[in-house]
Amino acid sequence: MKKIIRFLGIVAGSLAISLFMTLMNAKADDMKSYTQPFQNNTTTLSGKSVTANMYFTKIDYWDLKTATLNLNYEVSQLAADQKSDITISVNGIKFYSFRPVIKSGMQTKQIDIPTNLISGSNNLQIYGQVINQSKTSSTLAQTPANWLTLYKGSNVNFQYYLKPPEFKINSFYNHFSGADTISWGQSVIAIPKNASNGELTAATYALTGQTRTLSTDTDQLPLTSFENSRSKKAKYKIIVALYKNLPPKYQRQISANDVRNNGFLKLFYQKNKHVLVITSQKIKLLQKAARFAANSELMEETQTPTEKIDDTTATYSSTLNYNGTAKLTTKGQKLTGAGHQEAEFFIGLPSSRTNSVGSKVNLHLRYSKNLNFKNSLATIYINKKVVGSHRLQLAKADNDNFTVTLPANLKLGTSLVVRVALDLAPRSTAVSDNSETPWAYIESDSKANINSQEKNDLLFSNYPNLFIRNRTYNHIVVVRPKKLTNYDFQTITNIFNLIGAYAESNTGSVEFYTKKPSTKVLQNKNLIVFGTPQSNHFIKELNSSMYFKFNKKFKGFVSNEKLSIEKKYGENIGTDQLLRSPYNKNLGLLVVTAAHTQDVYTATTQINFSKNIMQHNGDAIVVDQNNNIYSYRFKKQAVLNKKLSLKQNVQKNGKLYIYLAMTIFIAAILIAAIVLLLLKNKKPNGKGQQNDEEK
């Protein structure tokens, strides 16, 4: 009996251990991993003491377990390994220091970040003290060889469990738009394969509403059809369709009364799939419901699983919380020590921001009074270019402000790196006193003010500003193939990924056509035309206006003055072409075309992200199947609207014109005064003549 009991105990114990291990493995399998790269480009900081700022975000539905900093860096080969060190802090709290290995080439250091220091938005600071080797240990020489390079590609890796979404639209939206969800390809917007132009417009509103909030230049939210495999596998999906075109399983669970005179949003959770259906019986209300979904503020405020949108619902979105001003630092930055020191600040800008005349950086400083003020200086760099310097002064040590204006031709892209270099020259003293160590403090109200303007050049260096006006869609008309393939859906995704990033508001209009639009539309709208000549016959009519033209059979491109094209090669390339509209010379036309649908999609890979479009300054792009990319400029005069150009020129040179007007006015007064004086001197004196006659 005892043996039987012992045997049963052993079996029960084994089962318990097995069950425990199974549960542990299941839980381990549920652990998620996401790597968030810093947006900073590779930069070199010089000086004995340097500071760099980087930023990362923890998503609110993460149950965070670990966070690891992967730091890619290189230090001067002349640095002293026992005197140089690097310190890391998060949100102002220092937690790790190490001495770098002195060797050539990039090094990678993995550092665990205490999770209790991490909040939603986080500022990670890297402090470096780079001191060169010296035969005399008491001499710490300042030379150009004191440098620390931080390489692009540094990142934070998160290990976490997902908190499941609640049965609320705002909770679904947070998961659907999460950077990790999109990066894993788990979010899609789906429409019927044979969607009407009105449904496609609605889906585009929903798509661009999401892309305006994406913070990466690598991931995008795809637009697909219901039948697409990616749509079927996605865990988070938004379906946009008229009620009659909904998949039956969703149509059966939505009352016809809910959609008769309303746009309607409804959540469905089943089998680990999360679906938000956007529908209506009327196309205008469907589009309005899609505009609701494009408004991140409304979506984040909706704490119910359904929402009705009628004619009176205000769906327009406010512009992003950015008024042109961005702080360099939220908590201030202190630099301590004599010699050359640097602090770097990274500022992310909305994609639509372009530097224009009047953009400035204001630096608010406090610094010690024991400096040699003849040799102490503050210098500001923008994206590695010097934009201004300022001499420190004893009288302003407690409150010093100076402002530099950015060069008008300085390209900023989607980020701004402000580097502040401080040369803190100490006064000569007979006795060293640590309490007199020179220091400077960059106040938290230091800021960059980036003005923007709507550029007027019909070039890819200005794209997609042609299709944006007043920060929203600028009367866009898209002529597309009648039947959309999977490549066509990817083409639409690429085109509107970048346009959506620039559209800060959802109030503009986008219209889709499958045939040539009316003359009235062509004369008043900016056009986007994509497809092959066979799938979109409108391209055949535009062929004579294109820079890269098709042959007579429309099966491939032919040579022109910029590129010699072999017959077979011309059949396997895709092009993006920015043209003056042949229907209105003050409007623009983007044609994305090729002999094959896949090559049309390939061409759009150059106009989908800011980092790609910034590589092109011309008005035509060619991409072949070996991913060779060529850019050309055909227009001699790129200005689209001469009246607008004149207005911008006046704004750009406003002060010059004022000075010129004042000069002309003063010159006119002087000339008038001289003329009057000459006339007065020549006028006969009647009284004098009379006296002579009397004599």
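Keep in mind the model is a prediction, meaning the values are calculated, not measured. The figures that follow rest on heavy atoms only: side chains count, while hydrogens, waters and symmetry mates do not.
Side chains of Asn497 and Thr211: no donor on one and acceptor on the other come within 3.5 Å. Side-chain contact annotation: Asn70 with Asn155, donor-acceptor N/O pair under 3.5 Å present. A donor and an acceptor atom, one from each side chain of Asn91 and Asn123, are nowhere located under 3.5 Å apart. Judged by distance alone, the side chains of Gln125 and Gln333 do bring a donor and an acceptor atom under 3.5 Å apart. Thr57 and Ser121 share no donor-acceptor pair across their side chains, judged by distance under 3.5 Å alone. A side-chain donor from one of Asn157 and Thr35 sits under 3.5 Å from a side-chain acceptor of the other. With no hydrogens or angles considered, no side-chain donor-acceptor pair links Asn375 and Asp423 at under 3.5 Å. At a cut-off of 3.5 Å, with distance as the only test, a side-chain donor of Asn462 or Asn465 sits close to an acceptor on the other residue. Side-chain atoms of Tyr367 and Asp400 include a donor-acceptor pair closer than 3.5 Å.
For Phe345 and Tyr55, the distance between ring centers is not under 6.0 angstrom. Aromatic pair Phe346/Phe38: centroids not less than 6.0 angstrom apart.
With sequence neighbours excluded, the residues forming a side-chain contact (heavy atoms from CB on, under 4.5 Å) with Thr336 are Lys334, Thr437, Trp439, listed by chain and number.
At least one donor-acceptor pair under 3.5 Å links the side chain of Asn295 to the backbone N or O of Leu298. Proximity of a side-chain donor or acceptor of Lys635 to a complementary backbone N or O of Leu458 within less than 3.5 Å is detected. No donor-acceptor pair closer than 3.5 Å links the side chain of Asp619 to the backbone N or O of Leu459. A donor-acceptor contact shorter than 3.5 Å is absent between the side chain of Asn526 and the backbone of Phe467.
Within 6.0 Å of NZ in Lys152 there are 12 or fewer heavy atoms belonging to other residues, nucleotides or ligands. Environment of NE2 in His390: crowded, with over 12 heavy atoms of neighbouring residues, nucleotides or ligands closer than 6.0 Å. For Lys525, the NZ atom sits in a packed shell: over 12 heavy atoms of surrounding residues, nucleotides or ligands are nearer than 6.0 Å. By the neighbour-count criterion of 12 heavy atoms within 6.0 Å, atom NZ of Lys58 is densely surrounded, having more than that number from other residues, nucleotides or ligands.
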- [ ] Show your reasoning for whether side chain to side chain contact (heavy atoms under 4.5 Å, CB included) applies to Ile442 and Leu363.
- [x] CA-CA 7 Å; Ile442 301 171; Leu363 195 65; 3.8 Å; yes
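Ring orientation note: the planes of Tyr96 and Phe98 are tilted relative to one another, at an angle of 30° to 60°.
A distance of 5.5 Å separates OH of Tyr34 from CD of Gln36, quoted to the nearest 0.5 Å.
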